[in-house]
Amino acid sequence: MLTSGPRGTHDITPNEAKNWLRIEAAARTICSLYHYGEIRTPIFEHTELFLRGIGETTDVVQKEMYTFTDRGGRSVTLRPENTAAVVRSYLEQKLGADGQTAKLFYIGPMFRYDRPQAGRLRQFHQFGIEAIGPTGPSVDAEIIAVAVRYFESLGLSSLKLMINSVGCPKCRPQYRVVLQDFLRDKQPDLCHDCQSRFERNPMRILDCKEEKCNRLSADAPQMVDCLCEECAAHFSGLQQFLQAAGIEYTLNPRLVRGLDYYTKTAFEIQYPLLGAQSAVCGGGRYDGLIEECGGPATPGIGFAIGMERVLLAMEKQQLLPPAQDEVPVWVIPMAPEATLPAFGLLNQLRGLGICADMDHSGRSMKSQMKQANRVNAKYVAIFGETELQTNQVTLKNMTIGEQTMLPLATALNQLKQELNG
RNA sequence: GUGACUGUGGUGAAGUGGUUAACACGGCGGAUUGUGGUUCCGUUAUGCGUGGGUUCGAUCCCCAUCAGUCACCCCA
């Protein structure tokens, strides 16, 4: 169908774009406040990068990637998320060469082949940040603080921050065994999905929405109780920093991230009113990812925020006032002969930095006045027969409804004084 | 990938197996010939997502397909 875009895509029309500019600007403001610099990486990467980075067994990789072969026979993939790409760029551009923490942010489209639903699109946009280099839990807290501040700055409330630790390559495998041991005899009673999760990703069972699974796993041992010394210390450190920053959080031992690269800190911010897709922000630490991508062992942490979901949340809270068109001066040529001088005035106004516009379809006087009204014009500049003959223009003040006929230069001056200040 | 519901003009929508597809908003034109936000009049779908089928005849029935919505799954 030529008149409909691909499934799961969305056109951002001029009125919506105003909202986008707003939330993007807020993101940039926060990032500069926290000393994060923007990075813009390509929209597609070698498929291999995502296979290695995200994990071959994850849903994102197994069934959600837009992968194709280019004309050179290489397999490339539209990025389903951006952390792997940022890490690749960090390595390629040697952004860590100065020995400092690389603090980066990005805003842009991501692609996941999924069934669209409320808050879920095939092309969607994420604002994300990454801090690559530092190990201490204070960065974790900083990352979380950026997310929380961002939502606050947009006026969003009733958000829920949940944190957990998913351990590291030392303690997670051990926990996995402990958990499987606990669940083994209960496995036949688990839901269909969880049966398959038992081998693939047993931690996900804790996150299942099925009530029976919840019941069966209620007393399961928790990751936080099985953390190695280092991870445990990191996790309690994080909590101290969060408290110091006055950030409220909930411990959620069942919080699991879907991508393989996460270690230690995992967190999620939910906006419960959004329905099934209520996570507006998800993130965590990825201490093994850089090495996995072929770099030196370097820790990192970041988050991603779903911009469409942010907009949905703002809509729910009525933080998006209806867009208003604002054109301070509307120019009206009353006859075809008048369009030339009218166009001339338009040009001069714009040259002065004054937003002005006129009709180009030869509509009636009345219709043009209506247009002026629609765009909330403060002044209307009318060119009729008399004006043409005397080289003047009629300036009508739309708020008080009064009008005068003036020489062009005088009118221009008046508009300049009243609108440019 | 699975399931449920939906698909009529710019928008919100009514509607029936059978000549001209209600109504409202919006748009456009007009109401002593050059003026807005109020009022009044007129006008505004070659057509009921698309493609098949049933029928003498379908926008209304059936099938397929596409799209939207919500949920599962997954995640931002």
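Per chain, numbering begins at 1; letters A, B, ... match sequence-line order. Given the structure is predicted, the values throughout are model-derived calculations rather than measurements.
- The closest donor-acceptor contact from the side chain of Arg254(A) to the backbone of Leu206(A) lies under 3.5 Å.
- Inter-residue side-chain proximity for Ile332(A) and Met358(A) is flagged as unmet; no heavy-atom pair is nearer than 4.5 Å.
- If you take CZ of Arg197(A) and P of C73(B), they are 7 Å apart, rounded to a whole angstrom.
- A heavy atom closer than 4.0 Å to some atom of RNA chain B occurs in no member of residues 10-33 of chain A.
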Every protein N/O lying under 3.5 Å from an N/O of nucleotides 35-38 of chain B:
from	atom 1	to	atom 2	distance (Å)
U35(B)	O2	Lys396(A)	NZ	3.1
U35(B)	N3	Gln403(A)	OE1	2.7
U35(B)	N3	Gln403(A)	NE2	3.3
U35(B)	O4	Gln403(A)	OE1	3.4
U35(B)	O4	Gln403(A)	NE2	2.4
G36(B)	N7	Lys396(A)	NZ	3.4
G36(B)	N1	Met398(A)	O	2.8
G36(B)	N2	Asn373(A)	ND2	2.7
G36(B)	N2	Met398(A)	O	3.3
G36(B)	N3	Asn373(A)	ND2	2.7
G37(B)	O4'	Asn373(A)	OD1	2.9

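- The CZ atom of Arg79(A) sits 13 Å away from the C1' atom of A76(B) (whole-angstrom rounding).
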Pairs under 3.5 angstrom, nitrogen or oxygen only, protein versus nucleotides 69-72 of chain B, please.
from	atom 1	to	atom 2	distance (Å)
C70(B)	OP2	Ala118(A)	N	2.8
A71(B)	OP1	Ala276(A)	N	3.1
A71(B)	OP2	Gln117(A)	NE2	3.0
C72(B)	N4	Arg120(A)	NH2	2.9

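- A31(B) and G37(B) are spaced 14 Å apart, taking the P atom of each and rounding to whole Å.
- Ring geometry, Tyr286(A) versus Tyr261(A): the interplanar angle exceeds 60°, so the pair is classed perpendicular (tilted spans 30 to 60°).
- Gly8(A) comes within contact range of the sugar-phosphate backbone alone, with a heavy-atom separation under 4.0 Å but no base atom that close.
- A salt bridge is defined here as a Lys NZ or Arg NE, NH1 or NH2 lying under 4.0 Å from an Asp or Glu carboxylate O, and Arg350(A) with Asp357(A) meets this definition.
- A side-chain N or O of His125(A) and one of Glu308(A) form a donor-acceptor pair less than 3.5 Å apart.
- With 3.5 Å as the limit, one finds a donor-acceptor pair spanning the side chains of Thr394(A) and Glu387(A).
- For Arg374(A), there are no salt bridge (charged side-chain N to carboxylate O under 4.0 Å, His left out) partners two or more places apart in sequence or in a different chain.
- Of the residues in residues 312-320 of chain A, none lies under 4.0 Å from RNA chain B by heavy-atom distance.
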Applying the Watson-Crick and G-U criteria (both distances under 3.5 angstrom) with [ ] for crossing and | for other-strand pairs, one obtains for RNA chain B (((((((..(((.....[....)))((((((.......))))))....(((((..]....))))))))))))....
